[in-house]
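Letters go in sequence order (proteins before strands), and every chain restarts at 1.
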2 protein chains.
Amino acid sequence: MADALKPEQMRTYFALTEAVSLLQYEVRKQLQAEGGLSYVQFEILAKLVDAEGRSLTMTDLADGVVYSRSGLTHQAGLLERDGLISRRASPDDQRATVVDITKAGRARVADVLPGHVDVVRELLFDSLSDRDVRTLGDVMSRARDHMRARPPRSAAPRRRAR
Amino acid sequence: MADALKPEQMRTYFALTEAVSLLQYEVRKQLQAEGGLSYVQFEILAKLVDAEGRSLTMTDLADGVVYSRSGLTHQAGLLERDGLISRRASPDDQRATVVDITKAGRARVADVLPGHVDVVRELLFDSLSDRDVRTLGDVMSRARDHMRARPPRSAAPRRRAR
DNA sequence: TATTGTTATACTCTATAACTATA
DNA sequence: TATAGTTATAGAGTATAACAATA
């Protein structure tokens, strides 16, 4: 429980958070401007597109998104209001809600995706070599898996400040 | 203007955003739980601590933070209300507001920093070798510099979706 | 009893625009 | 005219807790 990070770790942490913050800012702006979508809404639609026809439950959608259930319900409500998704009771489990993406939803994704990709490429990948990209992917995949493997969100309370 | 990222780029983009998202979630939770601070508030205090006595203007603080002026004013107002910073007119430029961190502000940072560092180490650095850390730092520093070098926020309008 | 999902509600964050004051 | 900062206001996101329905 040392009280500081090594200088190299500090530098890395700051570079990582700052770069990602800049990227996120631009990505959010693009999604909003070109598709009227929040980032979460885009994530939901992208997951549904990725599901390739299989319909997903609210729980499936929540999985991997670090939001509360009610937050997801809210966002799904907005997407449904705009006709981008539809919801219905699951045939298998009457408690579950099954979500499908609509034609309009797919069209919306198709609308914003090119711009989204442009932003990511221009901001992030234009400054990285293929080798950098692979290395970055390896390192961050490892980090992500490590974080995912942690005890959920109900881990032991963090150390007391003192 | 190709319409897709290479598979390797996709993988890297997803790993990066997912890992950082998980990290941010935990960091925010920790700062709120142990110090009642939003992430932005913590950033402001950290910048002031880092300034080592030199006082910063609101513009200095806004620099590097991708928020609106009014947002910064709001957050600074909260910090001042809680006695963590103080504001006064600049002696040099009457238009400017000079911000200083108070004793209580420093104490608050000292309170939350250990827990903050713990979270970052446990979630991020525990899964990375020293070599990974250096590489990640190099790559993300380059990316950050590239993003910072971009035309501000008033760049040409993004490509039209089509 | 546990799980799925929604609702009601309240709070926080952020942005836009109008405004004051100084350079 | 341009810059520094604040205020007022409104909108969007998120969370908590209570709730209904099903497993």
Side-chain angles (χ1 to χ4, degrees), chain A residues 21-22 24-33 35-45 55-82 84-100 152-154, chain B residues 21-22 24-33 35-44 55-82 85-100 152-154:
Chain A
S21 162
L22 288 165
Q24 282 180 338
Y25 183 85
E26 294 298 327
V27 161
R28 276 153 207 249
K29 212 168 57 174
Q30 182 269 330
L31 290 175
Q32 191 60 54
L37 297 174
S38 71
Y39 189 71
V40 181
Q41 287 162 14
F42 176 71
E43 277 187 306
I44 294 173
L45 293 180
S55 37
L56 303 178
T57 65
M58 293 297 283
T59 296
D60 292 333
L61 287 174
D63 186 46
V65 181
V66 279
Y67 295 110
S68 60
R69 273 172 187 285
S70 64
L72 182 63
T73 296
H74 176 62
Q75 293 297 335
L78 295 178
L79 289 173
E80 189 170 45
R81 183 202 62 190
D82 292 348
L84 305 180
I85 65 171
S86 64
R87 283 184 289 185
R88 60 193 162 84
S90 165
D92 305 330
D93 182 338
Q94 287 293 90
R95 292 172 305 179
T97 296
V98 152
V99 182
D100 294 295
R153 301 189 217 153
S154 45
Chain B
S21 162
L22 288 165
Q24 282 179 339
Y25 184 84
E26 294 298 328
V27 161
R28 277 154 208 251
K29 212 168 56 175
Q30 181 270 329
L31 290 175
Q32 191 60 54
L37 296 174
S38 70
Y39 188 71
V40 180
Q41 287 164 13
F42 175 71
E43 278 187 305
I44 293 173
S55 38
L56 302 178
T57 65
M58 292 296 283
T59 297
D60 292 333
L61 288 173
D63 186 45
V65 181
V66 280
Y67 295 111
S68 62
R69 274 171 187 284
S70 65
L72 182 62
T73 295
H74 175 63
Q75 293 297 335
L78 295 178
L79 289 173
E80 189 170 44
R81 183 201 63 191
D82 292 346
I85 65 170
S86 63
R87 282 185 290 184
R88 58 190 164 86
S90 164
D92 305 330
D93 183 338
Q94 288 292 91
R95 291 172 305 181
T97 296
V98 152
V99 182
D100 295 295
R153 300 191 217 150
S154 45

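The salt bridge (Lys or Arg N to Asp or Glu O under 4.0 Å) search around B:D93 returns B:R95, not counting sequence neighbours. Applying the side chain to side chain donor-acceptor pair (under 3.5 Å) test to A:Q75 and every residue at least two apart in sequence or in another chain returns A:Q41. Applying the salt bridge (Lys or Arg N to Asp or Glu O under 4.0 Å) rule to B:R88 yields the partners B:D100; only residues at least two apart in sequence or on another chain are considered. Looking at residues two or more places apart in sequence or on another chain, you find a side chain to side chain contact (heavy atoms under 4.5 Å, CB included) between A:Q24 and A:V20, A:R28, B:Q24. In terms of the salt bridge (Lys or Arg N to Asp or Glu O under 4.0 Å) criterion, B:D82 has no residue partners (sequence neighbours excluded). Partners of A:Q32 by side chain to side chain contact (heavy atoms under 4.5 Å, CB included), not counting sequence neighbours: none found. With sequence neighbours left out, the side chain to side chain contact (heavy atoms under 4.5 Å, CB included) criterion links B:S70 to B:S68.
At whole-Å resolution of the value, CD in B:Q41 and C1' in C:dC11 are 13 Å apart. Put simply, CG on B:D92 is 12 Å from P on D:dG5, counting in whole angstrom units. As rounded to whole Å, 12 Å separates atom C1' of C:dT14 from atom CD of A:Q32. Between the OH atom of A:Y39 and the P atom of C:dT14 there is a distance of 17 Å, given to the nearest Å. Across the protein-nucleic acid pair, B:H74 atom NE2 and D:dG11 atom P stand 17 Å apart, rounded to whole Å. For the pair B:L78 CG and D:dT6 C1', the interatomic distance rounds to 14 Å; values are reported in whole Å.
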Protein N or O to nucleotides 4-6 of chain C N or O, pairs below 3.5 Å:
residue, atom, partner, partner atom, Å
C:dT4, OP2, A:R69, NH2, 3.4
C:dG5, OP1, A:M58, N, 3.3
C:dG5, OP1, A:T97, N, 2.9
C:dG5, OP1, A:T97, O, 3.3
C:dG5, OP2, A:T59, N, 2.8
C:dG5, OP2, A:T59, OG1, 2.1
C:dG5, O3', A:T97, OG1, 3.2
C:dT6, OP1, A:R87, NH1, 2.8
C:dT6, OP2, A:T73, OG1, 2.7

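Listed pair B:S90 / D:dA4 fails the phosphate criterion, with no side-chain N or O lying under 4.0 Å from OP1 or OP2. For the OP1/OP2 pair of D:dG13 and a distance below 4.0 Å, the side-chain nitrogens and oxygens of A:Q75 include at least one atom meeting the criterion.
The two residues A:R87 and A:A76 have their closest heavy-atom pair at NH1-CB, 3.8 Å.
Taking the C1' atoms of five terminal pairs at each end of the helix from C:dT1-D:dA23 to C:dA23-D:dT1, the two resulting helix axes are inclined by 0°, rounded to 10°.
Residue A:R28 is the one, among A:R28 and A:Q94, whose nearest nucleotide of DNA chain D lies closer to the 5' end (criterion: closest heavy atom).
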